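What follows is a short report on a single structure.
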Amino acid sequence: DSKGVYARAHALIEQYVQENNSPVCDLNPWWFMDNWAAYAQEAKSDGQISLPYGKRPKHGFIHTHDIGGYAAALLTIPSNEISQHIGQHYDICGPQWVTWEYVINALSKEAGYEIKMNDITWQQLAEALKGAGFPDLLATSYALTFAVMEEIQEPKRPKVTATAPVMASLYKPTVTVEEQAKLLAPLFKKDK
């Protein structure tokens with residue numbers, strides 16, 4: 001019943017898995033640090049990143065390397081133990097729980113200039129995305145994702161607040177926000 005295309009897509013996949021008794025384990029990564037690449041151009045041209053920052057809770061930003069690490073850890077457990085994970089849904093997060101400010105400060109340090117936070121509403125973000133050519137549904141969905149993440153709107157399901165204990169026992173994420181900022185730095189550095 002979500003308005004968000006992401007949430008609906010995830011729900012449909014989960015529904016299909018349930019209805020077909022598919023032997024899968026669902027890994028649910030929190031916010032991909034790689035998503036920050038989408039804001040590099042605004043940072044370079046305007047010195048800011050415009051997002052609905054809301055109440056500014058902490059997030060467990062995760063790098064794709066660590067998502068792969070969690071999956072590999074699960075896939076390499078002894079075969080006699082794998083059945084206990086079939087049908088499970090595991091939240092996975094990066095090694096740090098930090099605020100938007102923390103990430104933007106790390107990006108600023110690596111880019112070599114101050115990047116400011118421009119706090120806008122999720123509706124303004126949706127309109128900006130539509131103006132950039134996003135289809136209405138996708139723009140609204142993406143903006144609503146921020147509204148839920150930033151506790152502006154209530155989520156339809158519990159928000160990720162930690163890595164599932166069983167996954168935390170199998171793998172320890174290694175890529176910090178600072179390391180991720182270094183990887184993203186070439187995108188954020190201003191042309192000379």
Side-chain angles (χ1 to χ4, degrees), residues 4-10 13 27-72 91-152 159-160 163 171 173-192:
V5 69
Y6 303 126
R8 287 194 301 203
H10 285 276
I13 291 167
L27 294 182
N28 181 37
W30 187 230
W31 188 256
F32 287 32
M33 183 67 181
D34 308 67
N35 289 346
W36 285 94
Y39 310 105
Q41 189 57 47
E42 181 187 11
K44 288 194 304 190
S45 64
D46 300 337
Q48 66 183 17
I49 296 176
S50 300
L51 290 171
Y53 294 105
K55 295 181 182 177
R56 301 182 181 170
K58 292 184 176 183
H59 301 287
F61 296 101
I62 188 167
H63 189 271
T64 51
H65 169 84
D66 285 325
I67 297 168
Y70 280 114
D91 294 329
I92 56 174
C93 306
Q96 300 161 283
W97 280 83
V98 299
T99 61
W100 294 110
E101 291 93 342
Y102 189 93
V103 174
I104 289 176
N105 287 338
L107 289 169
S108 294
K109 179 182 174 190
E110 294 304 324
Y113 61 94
E114 181 184 10
I115 301 170
K116 295 183 178 166
M117 295 172 60
N118 180 29
D119 196 2
I120 60 175
T121 67
W122 71 266
Q123 293 93 337
Q124 288 172 308
L125 177 59
E127 289 306 312
L129 293 170
K130 290 175 192 175
F134 277 60
D136 287 357
L137 179 61
L138 185 58
T140 301
S141 175
Y142 188 75
L144 279 170
T145 299
F146 277 94
V148 170
M149 285 178 50
E150 296 313 301
E151 301 175 357
I152 298 165
K159 186 175 163 184
V160 175
T163 295
Y171 178 79
T174 59
V175 186
T176 66
V177 167
E178 291 77 11
E179 291 168 320
Q180 294 179 67
K182 284 179 185 172
L183 293 170
L184 290 169
L187 300 173
F188 282 84
K189 290 191 184 244
K190 292 185 177 182
D191 301 325
K192 294 185 181 196

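This structure is a prediction, so every number in the text was calculated from the model and none was measured. This chain uses plain numbering: 1 for the first residue, then up along the sequence.
The OG1 atom of Thr163 sits 6.5 Å away from atom CD1 of Ile62, with the distance rounded to the nearest 0.5 Å. With values rounded to the nearest 0.5 angstrom, Ser141 atom OG is found 10.5 Å from Leu129 atom CG. Here Ile104 contributes atom CD1 and Leu51 contributes atom CG; the two are 7.0 Å apart, rounded to the nearest 0.5 Å. Note that NZ of Lys182 and CG of Leu107 are 12.5 Å apart. Values are rounded to the nearest 0.5 Å.
Here the shortest heavy-atom pairing between Pro29 and Ile67 reads CB-CD1, 3.7 Å. For the residue pair Phe188 and Lys44, the shortest heavy atom distance occurs at O-CG, 3.2 Å. Minimum heavy-atom separation, Leu125 to Pro52: CD2-CD, 3.7 Å. Taking each heavy atom of Ala43 and Lys190 in turn, the nearest pair found is O-CE, 4.4 Å.
With a 4.5 Å cut-off on side-chain heavy atoms, Ile115 and Ile49 count as touching. At a threshold of 4.5 Å between non-hydrogen side-chain atoms, the residues Pro173 and Ile92 do not count as touching. By the 4.5 Å heavy-atom criterion applied to side chains, Trp30 and Asp91 are not counted as neighbours. At a threshold of 4.5 Å between non-hydrogen side-chain atoms, the residues Phe134 and Thr140 do not count as touching. With a 4.5 Å cut-off on side-chain heavy atoms, Trp36 and Trp31 count as touching. Contact annotation: the side chain of Met33 approaches that of Val103 to within less than 4.5 Å [non-hydrogen atoms, C-beta and beyond].
Checked by atom type and distance alone, the side chain of Asp66 never pairs as donor or acceptor with a backbone atom of Gly94 at under 3.5 Å.
For the side-chain contact (heavy atoms from CB on, under 4.5 Å) test, residues two or more places apart in sequence or in another chain that qualify with Leu187 are Ala37, Ala40, Leu184. Partners of Ala106 by side-chain contact (heavy atoms from CB on, under 4.5 Å), not counting sequence neighbours, listed by chain and number: Val177, Ala181. By the ring pair (Phe, Tyr, Trp, His ring centres under 6.0 Å) test, Tyr171 is found to be paired with Tyr70, residues two or more places apart in sequence or in another chain being considered. For Trp100, the side-chain hydrogen bond (donor to acceptor under 3.5 Å, both in side chains) criterion is met by Glu150, not counting sequence neighbours. Remark: Ala38 engages no residue in a side-chain contact (heavy atoms from CB on, under 4.5 Å) (not counting sequence neighbours). When the side-chain contact (heavy atoms from CB on, under 4.5 Å) test is applied to Ser50, the partners found at least two apart in sequence or on another chain are Glu42, Gln48, Asn118, Ile120. Among residues two or more places apart in sequence or in another chain, the side-chain hydrogen bond (donor to acceptor under 3.5 Å, both in side chains) test is passed with Thr99 by Glu101. Partners of Gln41 according to the side-chain hydrogen bond (donor to acceptor under 3.5 Å, both in side chains) rule, which considers only residues two or more places apart in sequence or in another chain, do not exist here. Remark: Lys58 engages no residue in a salt bridge (Lys or Arg N to Asp or Glu O under 4.0 Å) (not counting sequence neighbours). Legend: residues meeting side-chain hydrogen bond (donor to acceptor under 3.5 Å, both in side chains) with Glu114, ordered by chain and number and at least two apart, are absent.
Relative ring orientation between His63 and His65 is described as tilted, the plane-to-plane angle lying within the 30° to 60° band.
Among residues at least two apart or in separate chains, salt bridge (charged side-chain N to carboxylate O under 4.0 Å, His left out) pairs with a member in residues 130-144 are Glu127-Lys130.
Heavy atoms from other residues, nucleotides or ligands lying under 6.0 Å from NZ of Lys109 number 12 at most.
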